[in-house]
Novice: 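Below is a structure I'd like to ask you about.
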Amino acid sequence: MNALTFPILRLLADGQFHSGEALARDFGVTRATVWNALQAAEALGVQVFSVRGKGYRLPESMQFLAHDKVLAALAAGDSKTAPEITLQTHDQLDSTNSHLMRLAAEGAPHGLCAAAELQTGGRGRRGRTWMAGLGSGLTFSLLWRFDCGASGLSGLSLAVGVALARALQELGVPGAGLKWPNDVLHRQKKLAGVLIELQGDMDGPSAAVIGIGLNLHLPEALKNSIGQPVTDIASITNGVLDRSHVLGALLRHLIAVLREFERAGFAALREEWMALHAHQEQPVCMLMPDGSEVRGIASGVAPDGALLLAIGDGMQRFSTGEVSLRAA
Ligand code: BTN
C-alpha cells in the first residue's frame with residue numbers, strides 16, 4: 001500500500017482540481033511520487049481524473065469518515081451507548097468482517113467496530129462479493145460477544161435488519177423493507193446487506209462479527225455492474241447524508257437492538273420485523289443449497305427467525321444459512 005495515496009485522496013475529496021505541483025509541495029515529495037500514489041489509487045479501483053495544466057481531481061466530492069462525528073452521532077440521546085464501542089476507522093482493509101474475525105480470534109474486546117473507507121475483498125452471503133467504491137457506501141463490522149452459544153443466536157440476523165430499518169427511519173429514509181433473512185430493500189431494490197459470522201461453541205460463549213454494507217451514493221457504473229437491482233440513499237432522498245452521522249446512527253440502533261436481543265431473543269422483535277417484511281403474503285421461491293427450488297407464499301417468520309412458507313395446505317420452515325429467497 002502506498003502511504004501517500006489516502007492522504008492525497010483526502011485532499012482531493014473536495015472534488016476540485018489540485019495541481020501535481022501543489023500536492024507535491026504539500027507533502028514535500030516530487031510530482032512523480034504524487035503520480036505514483038494516484039496510480040496506486042487507480043489500482044484500487046478509485047477513479048482519479050488527470051488533466052494537463054489543471055492537475056488531478058476525483059469524479060465528484062466525497063466524505064471521509066470523521067471519528068469524532070461518528071462518536072457524536074452514536075452517543076446522541078443515550079450516553080450509555082458510546083462507552084461500549086471502540087471504533088477503528090481504516091483507509092483500506094480486505095474486509096471488515098475478515099479483519100474482526102482475525103482480531104476476535106486473538107481475544108479482541110466486545111464492542112469493537114471496524115469501518116473501512118475501502119474494502120478490497122468485501123464479502124457477501126453465500127460466497128458473493130460486496131462491491132462499494134471509495135466513499136460511496138458504508139462498510140463496517142461490529143464484534144459482539146454473547147454469553148450464550150451459537151445455538152442461542154437464531155434470529156440474530158433478522159434482529160440486525162430491524163436495527164437498520166429503525167436507523168433509516170430516523171435518518172429520514174422512509175420505506176425500507178426487509179427481505180428474509182436480512183437484506184434491506186427499497187422498492188424491491190437492495191439498499192443494504194448483512195453478513196454475520198460466528199466464533200465459539202454451540203453451548204457458549206460465542207462471538208458474532210456483524211458486517212454491514214449500506215449503499216449511500218453508488219456511481220451508475222457500479223450499480224450496473226452488480227448482478228441484482230440495487231439502490232442507494234441518494235436516490236431515495238435526493239440528497240447526500242453525512243457518512244459519519246449515518247454510521248453513528250446505525251451503530252446506536254444496532255447496539256439497542258442487540259441489547260434487546262440479549263434480553264429477550266428475536267421473539268421480542270418479531271412483530272416489528274413482520275411489519276417490515278417486504279414479501280409478506282407474496283409468492284416466493286427458495287433456492288436450496290443443492291440448486292433445487294421450493295415455491296410458496298411467504299407467511300412471516302417464527303419466533304426463532306425461521307421463514308414460514310405456505311405450500312399447499314401446509315407450512316414449511318426455512319432456517320437461515322445457505323438458503324436464498326427470490327420473489328417468484
Ligand atoms: C450480503 O448482502 O450478501 C451481505 C453483504 C455484507 C457486506 C458487508 S460490508 C462490511 C462487511 N465486510 C464484508 O466483507 N462484508 C460485510
Side-chain angles (χ1 to χ4, degrees), residues 44-45 65 70 85 87-105 108 112-144 156-165 167-168 176-186 188-199 207-218 222-223 225-233 243-244 246-248 250-251 254 276 278-279 286-287 289 305 307 320-327:
L44 292 171
L65 290 171
V70 179
I85 293 294
L87 177 67
Q88 298 182 342
T89 49
H90 296 266
D91 285 340
Q92 182 192 332
L93 283 176
D94 51 351
S95 141
T96 55
N97 260 46
S98 304
H99 174 71
L100 280 195
M101 286 295 276
R102 290 188 290 265
L103 294 186
L112 180 61
C113 172
E117 301 291 3
L118 190 67
Q119 292 188 126
T120 52
R123 296 187 286 112
R125 286 183 67 235
R126 307 175 74 237
R128 288 188 289 243
T129 53
W130 181 262
M131 299 205 282
L134 180 70
S136 60
L138 281 173
T139 49
F140 67 99
S141 304
L142 176 65
L143 170 61
W144 203 261
L156 175 61
S157 60
L158 285 79
V160 171
V162 170
L164 298 183
L168 289 169
L178 297 178
K179 173 183 159 188
W180 185 90
N182 53 12
D183 284 356
V184 180
L185 304 183
H186 187 268
Q188 303 300 329
K189 294 182 180 171
K190 186 154 169 170
L191 178 60
V194 179
L195 175 68
I196 299 185
E197 296 177 292
L198 301 178
Q199 278 180 19
V209 170
I210 301 165
I212 294 171
L214 171 69
N215 301 331
L216 290 177
H217 186 23
L218 299 186
L222 181 57
K223 271 189 195 164
S225 69
I226 297 174
Q228 62 176 309
V230 294
T231 188
D232 53 18
I233 286 187
R243 280 180 83 225
S244 304
V246 175
L247 176 55
L250 289 174
L251 282 170
L254 195 52
L276 293 160
H279 295 107
M286 306 299 287
L287 302 182
L307 182 80
T320 50
E322 293 307 294
V323 179
S324 178
L325 177 151
R326 299 272 181 281

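Remember, it's 1-based here, ligands and their atoms both numbered in the order they're listed. In this text the structure is predicted, and so the values were computed from the model without any measurement.
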Novice: Sort and list the pairs that fulfil salt bridge (charged side-chain N to carboxylate O under 4.0 Å, His left out) and have at least one residue in residues 113-123, not counting sequence neighbours.
Specialist: Glu117-Arg243, Arg123-Glu197
Novice: Grab the two heavy atoms, one from Ala165 and one from Leu276, that are nearest each other, plus how far apart they are.
Specialist: CB-CD1, 3.6 Å
Novice: Looking only at protein heavy atoms, identify the closest one to atom 16 (C) of ligand 1 and say how far it is in Å.
Specialist: Arg123 O, 3.7 Å
Novice: Can you list the ligand 1 atoms lying under 4.0 Å from a non-hydrogen atom of Asp183?
Specialist: 2 (O)
Novice: Considering only heavy atoms of Phe140, which atoms of ligand 1 have at least one such atom less than 4.0 Å away?
Specialist: 10 (C)
Novice: Can you pull out the closest protein heavy atom to atom 10 (C) of ligand 1? Residue, atom name and distance to 0.1 Å, please.
Specialist: Thr96 OG1, 3.2 Å
Novice: So does Asp183 pair up with Lys189, basic N to acidic O under 4.0 Å?
Specialist: no
Novice: Going by distance only, is there an N or O of Thr139 that falls short of 3.5 Å from an N or O of ligand 1?
Specialist: no
Novice: Do His90 and Gln92 have side-chain atoms, one donor and one acceptor, less than 3.5 Å apart?
Specialist: no
Novice: For ligand 1, which atoms sit closer than 4.0 Å to a heavy atom of Asn97?
Specialist: 11 (C), 12 (N), 16 (C)
Novice: If you look at every heavy atom in Gly133 and Leu222, which pair is closest and at what distance?
Specialist: N-CD2, 3.5 Å
Novice: Among all protein heavy atoms in this structure, tell me which lies nearest to atom 12 (N) of ligand 1, with the distance rounded to 0.1 Å.
Specialist: Gln119 OE1, 2.9 Å
Novice: Using a strict cut-off of 4.0 Å, indicate which atoms of ligand 1 neighbour a heavy atom of Gly124.
Specialist: 1 (C), 3 (O), 4 (C), 5 (C)
Novice: For atom NE2 of His99, is the number of surrounding heavy atoms from other residues, nucleotides or ligands below 6.0 Å larger than 12?
Specialist: yes
Novice: Check Ser141 against ligand 1 and report side chain, backbone, both or neither, counting heavy atoms closer than 4.0 Å.
Specialist: side chain
Novice: Write out the residue and atom name of the closest protein heavy atom to atom 5 (C) of ligand 1, then the distance separating them to 0.1 Å.
Specialist: Trp130 CE3, 3.4 Å
Novice: Would you please test Asp94 and Arg102 for salt bridge (Lys or Arg N to Asp or Glu O under 4.0 Å) and show each step?
Specialist: CA-CA 12 Å; Asp94 51 351; Arg102 290 188 290 265; 3.0 Å; yes
Novice: Looking only at side chains, do Ser141 and Asn97 share a donor and an acceptor under 3.5 Å apart?
Specialist: yes
Novice: Select the closest option to atom 3 (O) of ligand 1 among Arg125, Lys190, Met101, judged by heavy-atom distance.
Specialist: Arg125
Novice: Can you list the atoms of ligand 1 that are under 4.0 Å from a heavy atom of Gly122?
Specialist: 14 (O)
